[in-house]
There are 2 protein chains.
Amino acid sequence: MNIGDVAALSGLPAKTIRYYEDVGLVKPLRSTNGYRTFRESDAHKLAFLGRSRALGFSIEDCRNLIALYEDEKRASAEVKDIAEQHLERIDDKIAELKEMRATLAHLVDACAGDHRPDCPILADLATKHRDEEQLKNTAL
Amino acid sequence: MNIGDVAALSGLPAKTIRYYEDVGLVKPLRSTNGYRTFRESDAHKLAFLGRSRALGFSIEDCRNLIALYEDEKRASAEVKDIAEQHLERIDDKIAELKEMRATLAHLVDACAGDHRPDCPILADLATKHRDEEQLKNTAL
DNA sequence: TCTAGGGCTTCCACCAACTGGAAGGTCAAG
DNA sequence: CTTGACCTTCCAGTTGGTGGAAGCCCTAGA
């Protein structure tokens, strides 16, 4: 299989597949004309990567997941551990975004959004808040 | 004020402030020894930037917000528009993360996480799913 | 047989928003 | 006079690719 074929199969852009080779996630063979030659196992691995990335796993996580996938004697605990850590990162990120969202929604709500210059959003951004860094410092 | 002072005041690292100068967000003066000299207005602007960035606004958004902030004749509608677009991006991101989270939590739940190699997480990652790109293609 | 087109190759640059570190100038205190 | 805290610039690296240029390779059609 050439890169185009495996790209169609895995749903990944050819560029991305070359990048994955660069970072050592796949190691396709080369045919005499210099073209990459992908085996079934490479195609499979790329699909695995596509799905892992879609779940937000980092490239490093993917590297570890693939190693575990290929290790017949793995302990599922190791996989679960990676997944749980990732889950935690996702939860943190969601919490962070929700907090931003709440503040922002509140400000947007308070803003008339008309031709007049008065704007609670700008007013808020321009105002010191109780829990900011520089106040933490002076509080010590 | 030197950069260290304004860093303490704004809560931003000195490196970040230099970066903001690089991208044209602040324009401190220079004293004869080459040190950056920040006015009150610069410190104020940097604090504004810190709060905007904390709400997730991009540097470009910040540039626009500051321009509006400094424009006495702005229409609050312009500010609200930027904020609403950002709110939408945040909502999209939250939705995406929640979907990841749901899938991942389900898989983590199903995994024993013990010494045995059997792992539903890996099994799922290794399996084609109905709605993947390569199947969309063949379905046409 | 030539040519046009796609597909493939490499390499370099760029994106956001910083962050780390090296090499070196400046300044106030002891 | 030296030490140490600041400050300067510049270069490189981070994450995960994406875009484009220059240039092979291969096949089908005139």
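So you know, we letter chains A, B, ... as the sequences are listed, proteins then strands, and number each from 1.
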Which class fits the ring pair B:His44 and B:Tyr69: parallel under 30°, tilted 30 to 60°, perpendicular over 60°? perpendicular
Look only at the side chain of [X] and the backbone of [Y], and say whether a donor-acceptor pair between them is shorter than 3.5 Å.
X	Y	answer
B:Ser76	A:Asp114	yes
B:Arg101	A:Ile90	no
B:His86	B:Leu55	yes
B:Arg53	B:Phe57	yes

dist B:Ser52:OG -> B:Leu65:CG (nearest 0.5 Å) comes out at 5.5 Å
With sugar-phosphate taken as primed atoms, P, OP1 and OP2 and all else as base, the protein-contact string of nucleotides 15-26 of chain C at under 4.0 Å (heavy atoms; B, S, -) is --BBSBB---BB
Salt-bridge criterion met for A:Asp42 and A:Arg39 (N-O under 4.0 Å): yes
As a check of understanding: the bend across the helix from C:dT1-D:dA30 to C:dG30-D:dC1, end axes from five pairs, rounded to 10 degrees, works out to 30°
Boundaries of the DNA chain D segment in contact with chain A, non-hydrogen, under 4.0 Å: D:dG16 to D:dC26
Here the distance between atom C1' of C:dC11 and atom CZ of A:Arg18, to the nearest Å, is 12 Å
What donor-acceptor contacts under 3.5 angstrom involve side-chain atoms of residues 13-21 of chain B, with partners at least two apart or in another chain?
| residue | atom | partner | partner atom | Å |
| --- | --- | --- | --- | --- |
| B:Glu21 | OE1 | B:Arg30 | NH2 | 3.4 |
| B:Glu21 | OE1 | B:Arg36 | NE | 2.4 |
| B:Glu21 | OE1 | B:Arg36 | NH2 | 3.2 |
| B:Glu21 | OE2 | B:Arg30 | NH2 | 3.4 |

What residues form a side chain to side chain donor-acceptor pair (under 3.5 Å) with A:Arg74, not counting sequence neighbours? none
With sequence neighbours excluded, what pairs up with B:Asp5 under the side chain to side chain donor-acceptor pair (under 3.5 Å) test? none
Can you find a side chain N or O atom of A:Arg36 that sits less than 4.0 Å from OP1 or OP2 on C:dC8? no
